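Note that this is a predicted model, so its numbers are computed, not measured. Below, all heavy atoms of this structure are taken into account, side chains as well, without hydrogens, waters or symmetry copies.
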Amino acid sequence: MHCMSGHSNFVSCVCIIPSSDIYPRGLIATGGNDHNICIFTLDSSAPLYILKGHKNTVCSLSSGKFGTLLSGSWDTTAKVWLNDKCMMTLQGHTAAVWAVKILPEQGLMLTGSADKTIKLWKAGRCERTFSGHEDCVRGLAILNETEFLSCANDASIRRWQITGECLEVYYGHTNYIYSISVFPNCKDFVTTAEDRSLRIWKRGECAQTIRLPAQSIWCCCVLENGDIVVGASDGIIRVFTESVDRTASPEELQAFENELSQATIDSKTGDLGDIDADQLPGKEHLNEPGTREGQTRLIKDGEKVEAYQWSVSDGRWLKIGDVVGSSGANQQTSGRVLYEGKEFDYVFTIDVNESGPSYKLPYNTSDDPWLTAYNFLQKNDLNPMFLDQVAKFIIDNTKGQTLGNVNTDFSDPFTGGGRYVPGSSSGSDVSAAADPFTGSGRYVPGSTSSTGVPSAGTDRFIGSGVFQSSPLKALNIYFPKKEAVTFDQANLTQILGKLKELNATAPEEQKLTEDDLVLLEKILSLTSNNSAEGPTAHQLQTLWKAVNWPEDIVFPALDILRLSIRHPTVNENFCNEKEGAQFSSHLLKLLNPKGKPANQLLTLRTLCNCFIGQAGQRLMMSQRESLLSQAIELKSGSNKNIHIALATLTLNYSVCLHKNHNIEGKAQCLSVISTVLEVVQDLEATFRLLVALGTLISDDSNAVQLAKSLGVDTQIKKYGSVSEPAKEMKCPLPSMEREKEKELEEPSDIEEGGLDLTVSLKPVSFYIADKKEMLQQCFYVIGEKKLQKMLPDVLKNCSIEEIKKLCQDQLELLSEKKLLKILEGENGIDSDTEEEADDGSKMGSESVSQYSLQSL
């Protein structure tokens, strides 16, 4: 056994990280008041490495599969760590995150907070908020993949389903519940609280109450053998067992009973209910047996009030302490002061200023001076800047008096003496039993403490001994993708025609002149024909003017921007350091989930095309967090073109991240991929997401582990059986099956259908002038097998050539205009300007041009 050290202030939480190939005995993680997390091996007293990133005390930790670690902090955030890197930060709570848990289902995480809520996170995004507790949530415990428990300062325990329903509420404790832990059967559980008790719950009922000789029972843990370990404010760890073989010796049991009987119980805590000493019976009352395990009985022995608890196993009443300060005393006998009908140890008179009124401040030695000072200022509407001054006044004038025989070596944040006071000490002088959740006895939003920063340990995860998978035997034609995918197809005539049409409806101050329209036509021609000549500054100013049109009519200007941004001059002009912030900010507004689908689609495509230039890449990477966070909000729509554009944006980010190995950026992209894969239906969008995933994790073992921890490997298994298009099952991800080499299959043949990202992609409507070629392309994409399945019974016996002939005859009867409408799902609409998007919703106040609705 050895002592581990590495924090510069008190340690508030401890967590075991399961064994791995590199560390077969596992690791130990500790969170501290110095804002850091130290990772230890079992063989060394010094940290293996130190995780830094939180801005306040780290008060909760939970480990998951594949080396992931979840931490909660007073800084209102939780962080997901993989080895020595922070993968993502979970933001959403408004107060300290006091409890965290990783659910068995990969990618799901829970956080409980002092803001009284619990949040469920999936791949780094908040999926659901659980409300019900009336005070700070202090503990979480997992029952199974669909249910969990929570405990709180409201003295209640709640059982929840991850779908959001509260199934049951349990009551029994009389004060704050700090900790909860589940037995190996995943049904029964134990809790510890500020009421001096450990309670065991079976079948939804409190089956046993064990009193301890300490007021605050900070934490509990159920071991694999069913034993219960608890830590209390007296600095002692105790283990309770049902096993006769592991039960302590008679001498140790008697010592525990004696210690318990000599404890003092403060009547003001409410642990034993309302007490009237004059009405209590004498010791003869103990001759009557109890009715249940843990039943308490108070008796009066002379001038003293004693508390007893019934033990079913012993068949007798066990003394659990002497009750002090009971309400039967008067001011003369108790030495206490009456104020507003209640007894207090002190009632101070506070003068805020000479000319103002004085205020009464009642205080008991069992109260926390900081919390009392805070409540006093709130009640009297006084400036909170006086908090430290009032609290120090209380501490100085009570001279550290405490109730009963309290060991001042240990801090008790709720009952007085020995409490940790911020700024009063540092380093090893901090008391050993400080509140593991709140340190000084309460969480003060925004509070900080001056702490030293320990030196970081060596990172052995990235050393020479790390496992590297052997190279694949076959060439992977899909990933890692090296270049960005862009949206290049357009009908320039239609774009300009729609621009001129909508210009007539633009506000007078934003209307384009004839000269402006000529300039835009010129810039469109230059950028679409890959001309070496660059657009002029005047042309670019005119384009920016058009891009700032009202949302109802801006989409043709966005389409010009989408095409133009591919040109080096335009890319540099809009994406440089000076103009980039304004440019990206404007595009962010157009990504508003409540905005026009046409604007959303074209904005996403513009962002994708930005990656073609160096300036655009730098801007996209610098704005990655905000752009992806806004873009992912579009996942819930049904427009497949938007889904494809969103998938392409993620793919382009993956291409850049594969080059620079930014693990935090990869974490965000993996989160996006995981989230979008759950809702997207279009197979082309799915394919691009899979290529993005493969690109992200290629040649990066950390990214592979992170993807597993988010449950992505489970998500992609279903695509192994997809037959049309065949690309999904031809897209295996490296190392997602643990250290196994797999041969990659050959790309899909023409019969299976599918598209290839390595070639220029065109919509079927591109071949509108050549109906025979159009038909040939359709048959190519669909594939013969799929086509056979689609045929009605009357055509089942026809050959492919006969089917082609029938289709050709039908095509010849249709005009190009009518055919375009059919391809865009608008058969039956006669007006040229009343066209709808794929999801059936209008994408403009009047109309949406055909060019903006073309799929890839």
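Atoms CD and CH2, from E579 and W544 in turn, are 8.5 Å apart once rounded to the nearest 0.5 Å. Here the straight-line distance linking atom CG of L693 with atom CD of Q715 works out to 9.0 Å at 0.5 Å rounding. In this structure, CD on Q623 lies 11.0 Å from SG on C610, to the nearest 0.5 angstrom. Atoms CG and OG, from L61 and S73 in turn, are 10.5 Å apart once rounded to the nearest 0.5 Å. One finds the CG atom of L607 at 6.0 Å from the CG atom of L649 (value rounded to the nearest 0.5 Å). In this structure, CZ in F687 is found 12.0 Å from CD1 in I644, a value given to the nearest 0.5 Å.
The closest donor-acceptor contact from the side chain of H658 to the backbone of D699 lies at 3.5 Å or more, if one exists at all. At distances below 3.5 Å, at least one donor-acceptor pair connects side-chain atoms of D700 with backbone N or O atoms of N702. Between the N576 side chain and the E572 main chain, a donor and an acceptor come within less than 3.5 Å of each other. Distance alone, capped at 3.5 Å, places no donor-acceptor pair between the R566 side chain and the I612 backbone. Here the side chain of Y653 pairs no donor or acceptor atom with the backbone of T648 at under 3.5 angstrom. Side-chain atoms of N599 never come within 3.5 Å of backbone atoms of L590 as a donor-acceptor pair (strictly under, hydrogens ignored). No donor-acceptor distance shorter than 3.5 angstrom exists from the side chain of E664 to the backbone of M87, with no hydrogens or angles considered. The main-chain N or O of V712 is never found under 3.5 Å from a side-chain atom of S674 such that the two would form a donor-acceptor pair. At distances below 3.5 Å, at least one donor-acceptor pair connects side-chain atoms of N652 with backbone N or O atoms of V485. T650 places a side-chain N or O within 3.5 Å of a backbone atom of L646 that can act as its donor or acceptor partner.
Counted within 6.0 Å of CD on Q681, heavy atoms from surrounding residues, nucleotides or ligands total 12 or fewer; the atom is thus considered open. Heavy atoms of other residues, nucleotides or ligands lying less than 6.0 angstrom from CD of Q161 number more than 12. K589 NZ: 12 or fewer foreign heavy atoms inside a 6.0 Å radius.
Taking both residues in full, the closest heavy atoms of C15 and L69 are given as SG-CD1, 4.2 Å, listed atom of the first, atom of the second, then distance. Looking at every heavy atom in both residues, L696 comes nearest to S654 through CG-OG, 3.4 Å. Nearest heavy atom pair, residue I663 against residue A703, reads CD1-N, 4.2 Å. Across V676 and I632, no two heavy atoms sit closer than the pair CG2-CG1, 4.1 Å. Taking every heavy atom of both residues into account, A647 and A685 meet most closely at CB-O, 3.4 Å. S150 and L140 get closest at one heavy-atom pair: CB-CD2, 3.8 Å.
For the salt bridge (Lys or Arg N to Asp or Glu O under 4.0 Å) test, no residue two or more places apart in sequence or in another chain qualifies with K79. Contacts of E483 classified as salt bridge (Lys or Arg N to Asp or Glu O under 4.0 Å), with partners at least two apart in sequence or in another chain: none. Scored by the side-chain hydrogen bond (donor to acceptor under 3.5 Å, both in side chains) test, T68 finds no partners at all (sequence neighbours excluded).
Between the side chains of H93 and T77, no donor-acceptor pair is found at a separation under 3.5 Å. In this model, a donor atom of one side chain and an acceptor atom of the other lie less than 3.5 Å apart for H54 and D75. No side-chain N or O of E684 forms a donor-acceptor pair with one of T686 less than 3.5 Å apart.
For the pair P550 and I553, the minimum side-chain heavy-atom distance is below 4.5 Å. Between R605 and N609 the shortest side-chain heavy-atom distance does not fall below 4.5 Å. Looking at heavy atoms from C-beta onward, M109 lies out of side-chain contact with L103 at the 4.5 angstrom threshold. When side chains are defined from C-beta on, L619 counts as touching S622, because their heavy atoms get closer than 4.5 Å. L604 is not listed as a side-chain neighbour of F487, based on a closest heavy-atom distance of 4.5 Å or more. The shortest side-chain heavy-atom distance between E625 and Q668 falls under the 4.5 Å cut-off. Using a 4.5 Å heavy-atom threshold, the side chains of K482 and V655 count as separate. Using a 4.5 Å heavy-atom threshold, the side chains of L70 and L90 count as touching.
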Could you walk me through whether T129 and K119 pass the side chain to side chain donor-acceptor pair (under 3.5 Å) test, one step at a time?
CA-CA 4 Å; T129 298; K119 291 184 182 292; 2.9 Å; yes
Going through the distances and angles, do I102 and L108 end up as a side chain to side chain contact (heavy atoms under 4.5 Å, CB included)?
CA-CA 6 Å; I102 298 178; L108 289 179; over 6 Å; no
Output, in order, the C-alpha distance, side-chain angles, deciding distance and verdict of salt bridge (Lys or Arg N to Asp or Glu O under 4.0 Å) for K122 and E678.
CA-CA 11 Å; K122 170 70 173 177; E678 289 187 348; 3.6 Å; yes
Between N548 and H586, is a side chain to side chain contact (heavy atoms under 4.5 Å, CB included) present by the stated rule, with each step listed?
CA-CA 8 Å; N548 282 274; H586 183 66; 3.4 Å; yes
Given the rule in the side chain to side chain contact (heavy atoms under 4.5 Å, CB included) test, do L657 and M621 qualify, once you have shown the distances and angles that lead to the verdict?
CA-CA 9 Å; L657 291 167; M621 294 303 290; 3.5 Å; yes
Chi angles and distances behind the side chain to side chain contact (heavy atoms under 4.5 Å, CB included) call for L51, W81
CA-CA 8 Å; L51 306 178; W81 308 83; 3.6 Å; yes
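Under the side-chain contact (heavy atoms from CB on, under 4.5 Å) rule, L563 has a single partner from T486, D488, I495, which is I495. Of the residues N573, T606, V570, the one that meets the side-chain contact (heavy atoms from CB on, under 4.5 Å) test with S564 is V570. The only option from L110, L167, I118 that meets the side-chain contact (heavy atoms from CB on, under 4.5 Å) definition with W160 turns out to be I118.
A salt bridge links R125 with E633; the closest basic N to acidic carboxylate O contact falls under 4.0 Å.
The aromatic rings of F574 and F583 sit parallel, their planes meeting at an angle under 30°, below the 60° perpendicular limit.
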